[in-house]
2 protein chains.
Amino acid sequence: MYTIRDVAKISGVSKSTVSRVLNNHPYVSFEKRKRVEEAIKQLEFKPNQIARHFRTKRTNSIGIIVSFLAHPYFSELAGALSEECRIHGYNPVLFQTFGDRTQEMDVFKKWKSKELDALIVTSTALTQAELDELSDNGVLTICNEAYTNNKIDVFCLNEKKAAYEGVQHLLNKGRKKVAFCSDDLASPSQQARLSGFKQAHLEMGLTWDDALIVDNISSVTDGYSLGKYYLSFSNSRAKTIDAVFAGSDFVASGFLKAAQHYGVEVPLDFSIIGFDNHPISEVTSPPITTIMNQTKDMAQDLVEVLDMRLLGQDRPFMFKQYNGILIVKGTT
Amino acid sequence: MYTIRDVAKISGVSKSTVSRVLNNHPYVSFEKRKRVEEAIKQLEFKPNQIARHFRTKRTNSIGIIVSFLAHPYFSELAGALSEECRIHGYNPVLFQTFGDRTQEMDVFKKWKSKELDALIVTSTALTQAELDELSDNGVLTICNEAYTNNKIDVFCLNEKKAAYEGVQHLLNKGRKKVAFCSDDLASPSQQARLSGFKQAHLEMGLTWDDALIVDNISSVTDGYSLGKYYLSFSNSRAKTIDAVFAGSDFVASGFLKAAQHYGVEVPLDFSIIGFDNHPISEVTSPPITTIMNQTKDMAQDLVEVLDMRLLGQDRPFMFKQYNGILIVKGTT
DNA sequence: GTGAAAGCGCTAACAA
DNA sequence: TTGTTAGCGCTTTCAC
């Protein structure tokens, strides 16, 4: 492995000049630049990036924390964020934490120890207070969770409004017993959805049943099991529920399957609303009414702000929310 | 930001001793170790990782190249690989290349310039010859593509056999006109599937129609369009096709949707076989017969071998293939 | 057991 | 426009 020393020797210039060529500095004579470039080619010299990072104290890398890459919403979001980072000349580095505090902390350590110039958090197991403590130095951005201190840029879906509109849509169709599914009720975003759910009821003068607020439901299988639990009674006695706000298209499709299993007609006797506008919501029969986030816009805005901050621009911290888009299909 | 110098000063020892404590060296007196640890805590000292990497010429990071994270198979694979890396004490670093040569080359550069200790490639836009050139130094592992030089460890699905068994299953059901969908026919893995497709026909004394071998089909929408193209004729004239080997569950579900659109009975008049055993294959009606890969096993074996190599063990290069598992559901 | 000293490969004043 | 020099923070001989 050659170093700039070798290149300098071969091309008969100093290390500094080689370094200048490497960094596209002005003030290098055409002739010397030429000689250096030739030497580089000849030796197949590759600058040691670690040494550069060490010296410059920048790695040009932006970490992206994601809980589950297998979750279609997050894989899409991670993809969009990565792409934007590249466009702005940064190296996106993805970290999958499985919602695990320890793993997440490891990534924060990397950021603290300057391995990462900036950090984008798309989901976190940490509390707002913990994040507040961490956010002092360096560029940290939250995407997806509506954390609201004033030391972090935050970009997220307006979960409350999205849920509100979805549930309102169900209630407008005459539904009265709507189940609410969540993958993790403790998280702020799920809490926001729940409050949208409640608001929709309140505004129409309706009540909801707390027993129908269910936690830890995230997969097709979860939706299927829960759906079977509720819908198996639907023929024999007063109906337990007549609609579900599923929280994800996977859960929604599980519910739909359960409905079909028990011969419950959708959307005639039962309504389903999903979340994410995943391809799965297109291929069921009927296709699933769902709520879509504006992921692409979010990623674009986010990285633009991040870039400015990294460039040293001092600007007020942002808190930007995006509206969910209700896409009515066949299940409502 | 403090350095070991500061820690040394405070605790009244030399930099070397601090370094020894940091690296859990033996031969540090209990008493000095205690003092150093206290100073570290007091200053909230975090060793500069970049400096360590620079000095030791190791980053402890393993790069994982993935084309599309949004593709459920790859997100699952990437997840499994990341997890295994962690278990072995390495930092997995995911790179999404979108099948783009330039982006892929960027990652290879990182590896070459020692930013990454090893590289796992789950899909590549490079040819075997190009990879051969690159694989000289450092630890490179191919996962998923059956590249076969003897300078790389290779772990992959036996695509040919998997496709062979899938198509055989269709032919055994009496199907005669099977369409073959591929997302990228030029890739070795798709070529292997195609050869399995052909072998199944040959062994049963049947022929296939080259016009039914279709390229660039990967999404639900692609499958739906193609399905409509073929199935719209099925009532009015001699049937164009009576089955499809879809290449992915997404494509398969698009086909199923098209069949339902034209009132073609599945599996009575038309059979569909997908790939990946994605949740989507569970929620359609009927659920989609599919082929599953043993991702978890693959990831485990792979990282184990990688670890040994990184530990300096000299061992023959591996070429290990895994069998696909045919899961018969409702579409065949 | 411990400390002094050298140096990893590079960049960035500073001087020329 | 160029070279000399110092030094980033850490690990690792080597001598004691």
Euclidean distance, atom NZ of residue A:Lys57 to atom P of C:dA12 [Å, nearest integer]: 11 Å
Short side-chain donor-acceptor distance under 3.5 Å, B:Lys57 and A:Asn48: no
Under 3.5 Å side-chain donor-acceptor pair for A:Asn293 and A:Tyr73: yes
Sugar-phosphate, base or nothing in reach of B:Ser16, heavy atoms under 4.0 Å: base
Distance below 4.0 Å between A:Ser14 side-chain N/O and D:dG3 OP1 or OP2: yes
Closest nucleotide among D:dT11, D:dG3, D:dG9 to the B:Leu22 side chain: D:dT11
Nearest-angstrom distance from the residue atom CG of B:Leu43 to P of D:dG9: 14 Å
Length of the CG-C1' vector between B:Asn23 and D:dG9, whole Å: 13 Å
Candidate nucleotides C:dC10, D:dT11, D:dT2, ranked by approach to the side chain of A:Phe45 - the nearest: C:dC10
Distance-only polar pair, side chains of A:Arg52 and A:Asn23, donor-acceptor under 3.5 Å: yes
D:dT1 phosphate, OP1 or OP2, under 4.0 Å from A:Arg20 side-chain N/O: no
Rounded distance in Å - CZ (B:Phe30) to P (C:dG1): 13 Å
Touch class at under 4.0 angstrom, heavy-atom based, for B:Ser29 against every strand present: sugar-phosphate
Touch class at under 4.0 angstrom, heavy-atom based, for A:Lys15 against every strand present: base
Touch class at under 4.0 angstrom, heavy-atom based, for A:Val28 against every strand present: sugar-phosphate
Matching residue for A:Ser82 among A:Ile64, A:Ile120, A:Ile62 - test: side-chain contact (heavy atoms from CB on, under 4.5 Å): A:Ile64
D:dG7 phosphate, OP1 or OP2, under 4.0 Å from A:Arg55 side-chain N/O: no
Spacing between A:Tyr27 atom OH and C:dA16 atom P, to the nearest angstrom: 20 Å
Touch class at under 4.0 angstrom, heavy-atom based, for A:Val13 against every strand present: sugar-phosphate
ring centroid sep under 5.5 Å plus plane angle under 30, B:Phe54 with D:dC10: no
Options D:dT13, D:dG9, D:dT11, nucleotide nearest the side-chain atoms of B:Asn48: D:dG9
B:Asp132/B:Lys151 ion pair, N-O < 4.0 Å: no
Salt bridge flag under 4.0 Å for residues B:Glu130 and B:Arg101: yes
Length of the NZ-P vector between B:Lys114 and C:dC10, whole Å: 13 Å
Options C:dG3, D:dC10, D:dT2, nucleotide nearest the side-chain atoms of A:Thr17: D:dT2
Interatomic distance where NE2 belongs to B:His25 and P belongs to C:dG3 [whole Å]: 15 Å
Separation of atom CZ in A:Arg35 from atom C1' in D:dG3, rounded to whole Å: 14 Å
Sugar-phosphate only, base, or nothing, as touched by B:Pro47 at under 4.0 Å among non-hydrogen atoms: sugar-phosphate
